[in-house]
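A note on names: the letters A, B, ... follow the listed sequences, proteins ahead of strands, and every chain is numbered from 1. Computation of the quantities below employed the complete heavy-atom set of this structure, encompassing side-chain atoms and omitting hydrogens, waters and symmetry-equivalent molecules. Keep in mind the model is a prediction, meaning the values are calculated, not measured.
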Amino acid sequence: MRRDVFQAIADPTRREIINMVARRSMNIDSVAENFKVSRPAISKHIRILAECGLITVTQRGRERYCEARLQKLDEVSRWVEQYRTFWNDKLDALGQFLEEQSEDHQPIKKSKK
Amino acid sequence: MNNEEPVVVERTFNAPVQKVWAALTDNEQMKKWYFQLSDFRAEVGFEFTFAAGSETKQYVHLCRVTEVVENKKLSYTWAYEGNPGSSHVTFELFDEDGKTRVRITHEGVHTFANGNPDFEKKSFQAGWTDILGTLLKKHLEG
């Protein structure tokens, strides 16, 4: 069985759970109360999130608490951020190319800002 | 937070759409700002490949044109050799009073991370493969 952070966040219920416990740790029953789906279904989502390292579940007395581990999500954001930087660099290059081209065609040009 | 949202970047250029379109689709012009392709044609189904990446690592990019609307839209698939992920890049051009707004949308980049050795999860999985594949095998067969 393959579990990874991308699979974990692919499901809207799981994303909602992460958002919920990101603010404060919550016990599993309180998390489940916010959803229409069954408590076992929520437990399963929580188990998947825990297996991917996105949340940790700790026993406190009789209750089990979920806490978000957001470093994992940072890894994903960083990955996506690399692409944003890449495409912005490409747009810089395109802008420069277009500017040079218009200079070639219009030798008399107002001075640059 | 949704990390499956596409990467979207936008910029407005002081140039007419025809010029920007040419920069995006004419291989001689593309070489000057984009990538060094041996050939490019803005035709649905046209496939091209090129190597690019960081100084330390080059990736072979595999692309296939999926949509062409002259002066408006160009889409192609974007994948890497040896990586199971797949993504899609779309360039959209908007004429704004003689200027051109370019929007680049890159969908599916998160699918690449799974196969990247720099990504922590991978080494984690490699660890398990080692345990299940090598050690267990040794134990059962030994």
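Annotation: the span from B/W33 atom CH2 to A/Q96 atom CD amounts to 12.5 Å, rounded to 0.5 Å.
Both the backbone and the side chain of B/Y34 come within contact range of chain A, judged by heavy atoms closer than 4.5 Å. If you measure heavy-atom distances from A/F97 to chain B, the contacts under 4.5 Å come from the side chain alone. Heavy-atom distances place the backbone of B/V8, and not its side chain, under 4.5 Å from chain A. Contact of A/D89 with chain B is not made at all, since no heavy-atom distance falls under 4.5 Å.
Of all the listed residues (B/Q29, B/M30, B/R11), the one sharing the greatest number of non-hydrogen pairs under 4.5 Å with chain A is B/R11. Of the residues considered (A/N88, A/L98, A/L94), A/L94 shows the highest number of contacts with chain B, using heavy-atom pairs under 4.5 Å.
Hydrophobic clustering places A/I42 together with A/V57 (ILVMFWY residues linked when any side-chain heavy atoms are closer than 4.5 Å, directly or through intermediates). Linking Ile, Leu, Val, Met, Phe, Trp and Tyr whenever their side-chain heavy atoms come within less than 4.5 Å leaves B/L62 and B/V65 in two separate clusters. With hydrophobic clusters built from ILVMFWY side chains whose heavy atoms lie under 4.5 angstrom apart, B/F35 does not share a cluster with B/V60. Hydrophobic clustering keeps B/F94 apart from B/L24 (ILVMFWY residues linked when any side-chain heavy atoms are closer than 4.5 Å, directly or through intermediates). By the criterion of side-chain heavy atoms lying less than 4.5 angstrom apart, applied directly or through intervening Ile, Leu, Val, Met, Phe, Trp or Tyr residues, B/F40 is grouped together with B/W21 in one hydrophobic cluster.
Closest of all the heavy-atom pairs between A/W87 and B/H106 is NE1-ND1, 2.9 Å.
Remark: B/K31 NZ is packed, more than 12 non-hydrogen atoms of other residues, nucleotides or ligands lying under 6.0 Å away.
Its side chain outside the 4.5 Å cluster rule for every partner, B/V69 clusters with none of the Ile, Leu, Val, Met, Phe, Trp and Tyr residues.
The side-chain contact (heavy atoms from CB on, under 4.5 Å) test with A/R84 is passed by exactly one of B/V109, B/I104, B/V9: B/V9.
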